[in-house]
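Treat the numbers as computed from the prediction; the structure is a model and nothing was measured. To find a chain, count down the sequence lines: A is the first, B the second, and so on, and within it residues start at 1.
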Protein chains: 2
Amino acid sequence: MKDGLLLELFASLPPTARQEFNLDRGQTAFLQGDNTLGMYGVISGKIQLQRHTQAGVVIVIHTAHAEGSFAEASLFSDHYHCDAVALETSRIIRYDKKAINHRLATDPDFAIAITKRFAMQIQFYRRQLELIAIGNAKERVFAGLVEGMLKSDIKTFASQIGLSHEAVYRALANLVASGRIEKAGRGKYLWNGAKK
Amino acid sequence: MKDGLLLELFASLPPTARQEFNLDRGQTAFLQGDNTLGMYGVISGKIQLQRHTQAGVVIVIHTAHAEGSFAEASLFSDHYHCDAVALETSRIIRYDKKAINHRLATDPDFAIAITKRFAMQIQFYRRQLELIAIGNAKERVFAGLVEGMLKSDIKTFASQIGLSHEAVYRALANLVASGRIEKAGRGKYLWNGAKK
DNA sequence: TTCTGTTTATGATTTAAATCATCTTTGAAA
DNA sequence: TTTCAAAGATGATTTAAATCATAAACAGAA
């Protein structure tokens with residue numbers, strides 16, 4: 001999710017309320033049960049949130065990539081409900097819970113800004129879920145294209161929409177053949193109605 | 001998503017800021033481009049948000065069911081970016097944008113409460129996405145069980161986790177056979193570690 | 001109590017996507 | 001300017017889930 005605004009939004013927090021960390025693969029930002037210190041942004045790398053059930057079953061809650069964020073809900077609870085594990089070498093930034101809550105309660109502009117950002121994330125995830133729910137590679141690829149999700153390479157696009165890259169290539173070829181989209185160069189596709 | 005708290009959260013808004021509507025199948029709460037009046041809660045029925053692109057392509061953004069909400073992001077924009085169409089006879093409630101924004105800016109408790117609710121929704125959708133990403137019926141069903149998503153009937157459960165009900169029945173039988181879960185009656189299953 | 005509809009459940013068949021394999025194109029580094 | 005790695009692209013094969021079909025269990029209405 002595009003999160004460039006996260007840094008911007010939290011830039012106004014006092015410097016003491018922002019702390020950066022490097023994590024090696026396997027290291028954790030926090031563990032289930034730890035006292036909550038704040039929410040996090042991912043500068044680079046990949047952080048996975050995992051919950052452990054009584055019987056030792058591990059459930060993946062979320063995987064946050066560069067520019068993403070995680071543990072927002074921890075702002076409103078005393079303990080983290082999951083582990084945050086680095087899947088690869090990562091750089092993350094923690095935004096202090098108390099500072100955020102204080103700003104939230106005293107700065108209307110900040111309250112509105114953070115609510116807006118959260119609302120937009122909700123919107124994004126809902127779209128994503130509806131997209132994934134399209135049970136047909138061709139239509140899913142088309143919808144993904146229309147949504148503007150093919151920004152860089154097709155493999156990234158493929159994993160975003162939950163398909164193998166081969167399936168995506170085939171769907172794209174198929175859509176071109178049936179005239180619903182147009183090939184505009186290696187790995188570039190336009191649908192009728194997309195601005196050049 | 002469990003949204004019982006939405007009504008509670010917005011109960012403190014002045015009565016004039018809440019308005020209920022009935023929609024027949026096919027009727028709309030608003031159309032793309034309309035001036036935004038507020039966000040909505042669904043009391044009963046099913047509302048689908050659809051975006052229309054230049055070339056007339058329809059993209060489903062979200063489908064809100066009873067107890068759910070929609071158009072949160074409209075609180076922060078002037079025009080709706082999609083249509084809200086009733087897929088069946090529905091009763092909905094609109095929460096006035098100005099009233100919410102006013103409360104957000106003047107009532108710290110309200111600001112915190114709404115931010116919390118949004119954060120929890122984000123959490124919910126992320127979990128949902130990770131669940132759907134499990135590309136294997138058996139493991140997906142198991143994860144869904146562990147997540148406590150099998151509350152009433154299996155067909156509902158199946159559609160929530162994006163599988164046919166047959167696939168779910170088979171996965172359940174398979175999980176029972178391999179001893180990972182236990183059958184506790186018709187349509188009732190427990191996994192090791194679930195409280196009775 | 002019987003009828004009816006729905007949910008649970010399982011078997012058979014089809015199908016679409018994953019996987020595996022191969023080859024081309026391209027761009028960057030040696 | 002050759003070499004190499006990665007992305008793009010497509011073909012062949014396998015596989016898992018959807019679909020279609022059927023039936024038992026159950027719940028509620030007549």
Side-chain angles (χ1 to χ4, degrees), chain A residues 44-46 60 65-66 88-89 128-145 148-191 194, chain B residues 44 46 60 65-66 88 128-145 148-191 194:
Chain A
S44 66
K46 210 180 285 183
V60 175
H65 302 81
E88 55 189 58
T89 305
Q128 193 72 1
L129 273 168
E130 290 286 352
L131 187 77
I132 300 291
I134 299 174
N136 168 292
K138 193 160 110 180
E139 294 308 321
R140 191 136 116 214
V141 166
F142 183 68
L145 269 184
M149 295 177 70
L150 175 50
K151 284 175 204 120
S152 53
D153 63 311
I154 275 148
K155 285 188 176 176
T156 308
F157 177 56
S159 81
Q160 279 175 346
I161 64 175
L163 292 171
S164 67
H165 56 275
E166 294 98 326
V168 172
Y169 287 125
R170 279 183 248 274
L172 285 167
N174 199 316
L175 287 164
V176 169
S178 58
R180 292 180 56 196
I181 65 172
E182 194 187 327
K183 184 162 184 170
R186 184 183 159 88
K188 297 235 168 192
Y189 296 85
L190 301 172
W191 89 98
Chain B
S44 66
K46 210 180 285 183
V60 175
H65 302 82
E88 54 190 57
Q128 193 73 0
L129 273 168
E130 290 286 352
L131 187 77
I132 299 291
I134 300 173
N136 168 293
K138 194 160 111 182
E139 295 307 321
R140 191 135 117 216
V141 166
F142 183 68
L145 268 183
M149 294 177 71
L150 175 50
K151 284 176 204 119
S152 54
D153 64 311
I154 274 147
K155 285 187 175 176
T156 308
F157 177 55
S159 81
Q160 278 176 346
I161 65 176
L163 292 170
S164 67
H165 57 275
E166 294 98 326
V168 171
Y169 287 125
R170 280 183 247 274
L172 285 168
N174 199 317
L175 286 164
V176 169
S178 59
R180 292 179 56 198
I181 65 171
E182 194 188 328
K183 184 163 183 169
R186 181 184 160 87
K188 295 235 169 192
Y189 295 85
L190 300 171
W191 87 99

Anything under 3.5 Å between a protein N or O and an N or O of nucleotides 26-28 of chain D, put it in a table, one pair a line.
none

What N/O pairs connect the protein and nucleotides 16-18 of chain C at under 3.5 Å? Give each pair on its own line.
residue, atom, partner, partner atom, Å
C:dA17, OP1, A:Ala137, N, 2.6
C:dA18, OP1, A:Ser164, N, 3.4
C:dA18, OP2, A:Ser164, N, 3.3
C:dA18, OP2, A:Ser164, OG, 2.7

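Residues that satisfy the side chain to side chain contact (heavy atoms under 4.5 Å, CB included) test with B:Val60, not counting sequence neighbours, are A:Glu130, B:Gln48, B:Thr63. Listed by chain and number, the residues in a side chain to side chain contact (heavy atoms under 4.5 Å, CB included) with A:Ala184 are A:Lys188, A:Leu190 (sequence neighbours excluded). Residues forming a side chain to side chain contact (heavy atoms under 4.5 Å, CB included) with B:Thr156 (at least two apart in sequence, or on another chain): B:Ser152, B:Asp153, B:Gln160.
Smallest separation of non-hydrogen atoms from B:Leu131 and B:Met149: CD2-SD, 3.5 Å. The heavy-atom pair separating A:Trp191 from A:Leu145 by the smallest distance is CZ3-O, 3.7 Å. B:Arg140 approaches B:Ile132 most closely through the heavy-atom pair NH1-O, 3.4 Å.
For the side chain to side chain contact (heavy atoms under 4.5 Å, CB included) criterion with A:Val141, the lone passing option out of A:Val168, A:Ile134, A:Leu150, A:Ile154 is A:Val168.
Spacing between atom CG of A:Leu175 and atom P of D:dA9 amounts to 13 Å, rounded to whole angstrom units. Following rounding to the nearest Å, A:Leu172 (CG) and D:dG8 (C1') show an atom-to-atom distance of 11 Å. Regarding A:Leu150, its CG atom lies at a distance of 10 Å from the P atom of D:dA9, rounded to whole Å. Between the CD1 atom of A:Ile154 and the P atom of C:dT25 there is a distance of 16 Å, rounded to whole Å. To the nearest angstrom, C1' of D:dA7 lies 7 Å from CG of A:Asp153.
Residue A:Tyr189 has no polar side-chain atom (N or O) positioned under 4.0 Å from OP1 or OP2 of D:dG8. Residue B:Tyr169 has a polar side-chain atom (N or O) positioned under 4.0 Å from OP1 or OP2 of C:dT8.
Sorted by first and then second residue, the pairs that involve residues 162-177 of chain B and meet side-chain hydrogen bond (donor to acceptor under 3.5 Å, both in side chains), not counting sequence neighbours, are B:Lys138-B:Asn174.
Counting non-hydrogen atoms under 4.0 angstrom, B:Lys183 reaches the backbone sugars and phosphates but no base. If you check every strand for non-hydrogen atoms under 4.0 Å, B:Phe157 touches nothing.
Between the CD atom of A:Glu139 and the CZ atom of A:Arg180 there is a distance of 4.5 Å, given to the nearest 0.5 Å.
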